[in-house]
Protein chains: 2
Amino acid sequence: MDQVEDSADKGGAGADEGEPTHSRIDTGTLGKAIAVLDIVASADQPMRFTDILALSDQPRGTLHRQLSNLVEEGLLSLGRDHSYSVGIRLLKFAARAWAGNQFRVIAEPHLRALHDLTGETVHLGVLRGNEVIYLDKVESRQAVRMYSQIGNASPVYCTGVGKAGLSALPDADLRTVVATIKFRRFTDSTLTTPDALLKEIEVIRASGNAYDREEHEPGIRCVAAPIYSADRSFVGGLSVTGPAYRISMELLESWAVLVRNAAGAIMDDMGARLGPRT
Amino acid sequence: MDQVEDSADKGGAGADEGEPTHSRIDTGTLGKAIAVLDIVASADQPMRFTDILALSDQPRGTLHRQLSNLVEEGLLSLGRDHSYSVGIRLLKFAARAWAGNQFRVIAEPHLRALHDLTGETVHLGVLRGNEVIYLDKVESRQAVRMYSQIGNASPVYCTGVGKAGLSALPDADLRTVVATIKFRRFTDSTLTTPDALLKEIEVIRASGNAYDREEHEPGIRCVAAPIYSADRSFVGGLSVTGPAYRISMELLESWAVLVRNAAGAIMDDMGARLGPRT
DNA sequence: AAATGTAGTTCCATTATACGGAATTTGATT
DNA sequence: AATCAAATTCCGTATAATGGAACTACATTT
């Protein structure tokens with residue numbers, strides 16, 4: 001009952017995942033099956049066989065068997081209109097992943113404390129390739145639905161948690177990850193080039209805080225700070241987010257130290273609970 | 001963008017899953033890998049290699065490779081103390097599964113309406129083997145944490161939604177599922193024999209409502225009603241749950257018709273949105 | 001209603017991949 | 001430092017995945 005997440009890299013097949021850090025080991029049949037699962041999961045509508053065939057590089061017969069196996073296992077669901085979507089068995093697995101995640105458990109009280117201090121929404125996330133996956137969220141008005149953010153994968157280059165995480169990576173890994181990013185402009189402020197991003201990472205490294213200046217969603221800004229293990233095999237971050245009309249950049253900047261402190265406290269607790277060194 | 005879940009059966013390896021309905025197709029390498037994943041997910045603590053080896057029927061070398069592949073894919077996470085736990089990549093998949101689940105989307109407004117009428121917590125779940133997996137939850141006081149129930153797998157035989165779902169199964173499937181149940185006594189009221197359960201199913205079929213009379217958790221009772229597709233390839237249910245000290249059985253019974261109506265309305269919407277017949 | 005085209009599914013000889021017993025390394029324990 | 005147990009790697013063999021082609025079912029058109 002002590003471990004956080006290790007680096008765990010994986011390149012999505014059709015989509016836009018990254019392969020950071022190490023060399024990439026062949027996962028054979030399983031890898032191909034999960035790549036197919038990822039294609040379906042990355043689409044925002046149920047896909048028909050031919051759609052998947054176009055994104056996959058598998059021949060018809062092979063793909064069909066892979067899909068059938070995934071359906072049989074409950075990882076995919078096949079509708080009567082022959083459309084595939086992600087299966088509910090994954091909910092069961094995810095519920096366990098969430099409840100058992102030590103990083104999340106350790107961080108939780110600190111997220112609450114930070115929320116109490118600022119009154120705004122607090123997010124916790126980890127880096128996975130060139131995406132950040134949100135592990136937890138604390139907010140007052142429970143307007144937004146449950147899975148709204150938890151489990152959601154967002155780009156690293158235009159989120160506070162993402163950029164904070166990147167700033168904690170060793171240069172080699174950072175470059176590897178950045179190379180896999182397919183930049184897309186979400187708002188006027190979105191950084192859209194590797195250079196602009198790397199330049200900003202330098203600033204974040206110096207200050208210890210990352211900002212999202214309405215780069216992902218218009219009207220939404222946040223301050224974030226990185227959280228990482230000593231050997232950087234695990235990298236994540238936390239952030240305080242709010243609407244631009246209520247949260248000025250000045251106010252946000254006044255919270256920066258609180259966010260850094262919370263991140264520090266979480267890392268201290270991790271060190272204490274997970275034993276010293278790698 | 002129209003399909004619900006198909007029956008999707010799968011027998012867990014070490015644990016206690018069932019294999020209902022159809023014959024069971026071989027899923028080869030993928031199936032073995034997911035069985036290993038299921039072992040880890042079914043434990044409530046991170047497991048070490050030897051622990052998994054004992055529950056798996058794979059030889060050492062094979063199991064080790066399967067675990068390595070799962071870790072490489074991000075489906076498992078390997079701690080520095082050599083313990084395996086479920087990986088956060090599954091959160092991403094689950095978030096998609098949840099957001100894209102048409103059954104849940106269709107049911108949601110009806111859950112809210114039922115909550116408004118009763119003031120108590122409303123649950124939505126689907127049958128998977130001999131377990132019910134909760135897909136959604138509506139409650140007023142947001143005291144309980146997000147994943148607290150969603151994605152959670154509970155036994156069919158001692159939950160309202162579970163028994164309601166069973167009552168909608170064709171007899172053959174019902175017997176198959178019941179045969180896989182490993183009865184465990186949670187409270188004084190828990191049904192602990194196939195006969196007692198089957199007898200209760202008859203009552204539920206006649207009345208259209210299932211009750212949980214503190215059978216799973218002491219002090220918690222609920223009324224439920226089944227939801228199913230015309231061909232019973234999909235079976236689930238919804239329920240209103242409350243604490244025994246506040247919710248008398250009489251009050252619960254007065255809600256029975258509301259729950260049935262909500263279930264009926266959801267089935268109507270499903271029929272309308274998913275097209276007629278199988 | 002029959003015909004045409006497209007999407008989905010099955011088949012099976014070939015080949016690549018998973019298998020698994022045994023040897024090796026790692027690391028904890030006294 | 002020595003001992004033991006747990007985790008990991010190795011590699012010849014057996015099995016399961018592969019993928020092109022043939023087939024079936026469904027939808028759309030005349």
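Atom set for the values below is all heavy atoms of this structure, side chains included, hydrogens, waters and symmetry mates excluded. To find a chain, count down the sequence lines: A is the first, B the second, and so on, and within it residues start at 1.
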Taking atom [atom2] of [N] as reference, at what distance in whole Å does atom [atom1] of [X] sit?
| X | N | atom1 | atom2 | result |
| --- | --- | --- | --- | --- |
| B:Met47 | D:dA7 | CE | P | 11 Å |
| B:Leu70 | C:dA18 | CG | C1' | 14 Å |
| B:Arg80 | C:dA28 | CZ | P | 13 Å |
| A:Leu67 | C:dG8 | CG | P | 10 Å |
| A:Arg48 | D:dA27 | CZ | P | 11 Å |
| B:Leu53 | D:dT8 | CG | C1' | 13 Å |
| A:Asp81 | D:dA27 | CG | P | 10 Å |

* What about the rings of B:Phe49 and B:His64, do their centers lie closer together than 6.0 Å? ->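 Yes: the rings meet the under 6.0 Å criterion.
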* **5' precedence on DNA chain C between B:His82 and A:His82 (nearest-nucleotide basis)** =>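 Its nucleotide being nearer the 5' end, the pick is A:His82.
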Validation row: [X], [Y] side chains within 4.5 angstrom (heavy atoms):
| X | Y | result |
| --- | --- | --- |
| A:Ile227 | A:Met270 | yes |
| A:Met47 | A:Leu55 | yes |
| A:Gln102 | B:Pro46 | no |

* **Pair B:Thr27-A:Glu73, side chain to side chain donor-acceptor pair (under 3.5 Å): steps then yes or no** => CA-CA 7 Å; B:Thr27 51; A:Glu73 287 298 331; 2.5 Å; yes
* Does the side-chain contact (heavy atoms from CB on, under 4.5 Å) test come out yes or no for B:Ile34 and A:Phe93, once each step is laid out? -> CA-CA 10 Å; B:Ile34 301 300; A:Phe93 290 141; 4.2 Å; yes
* To do: Estimate the overall bend of the helix from C:dT9-D:dA22 to C:dT30-D:dA1 from the end axes over five pairs each, rounded to 10 degrees.
  =>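 Inter-axis angle at the ends, rounded: 60°.
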* Asked: For the residue pair A:Phe234 and A:Phe103, does the interplanar ring angle fall in the parallel (under 30°), tilted (30 to 60°) or perpendicular (over 60°) class?
  ->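 Ring orientation of A:Phe234 relative to A:Phe103: perpendicular.
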* Give the intermediate values and the outcome of side-chain contact (heavy atoms from CB on, under 4.5 Å) for residues B:Leu37 and B:Leu90. => CA-CA 11 Å; B:Leu37 176 57; B:Leu90 287 160; 4.2 Å; yes
* Distance, nearest 0.5 Å, that separates CG of B:Leu174 from CZ of B:Arg205 ->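 Between B:Leu174 CG and B:Arg205 CZ, I get 5.5 Å after rounding to 0.5 Å.
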* To do: Produce a footprint string for nucleotides 17-25 of chain D: one letter per nucleotide, 5' end first; B if the base is under 4.0 Å from any protein heavy atom, S if only the sugar-phosphate is, - if neither.
  => SBBB-----
* With a non-hydrogen cut-off below 4.0 angstrom, is A:His64 in contact with a base, only sugar-phosphate, or nothing? ->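 Counting heavy atoms under 4.0 Å across all strands, the contact made by A:His64 includes a base.
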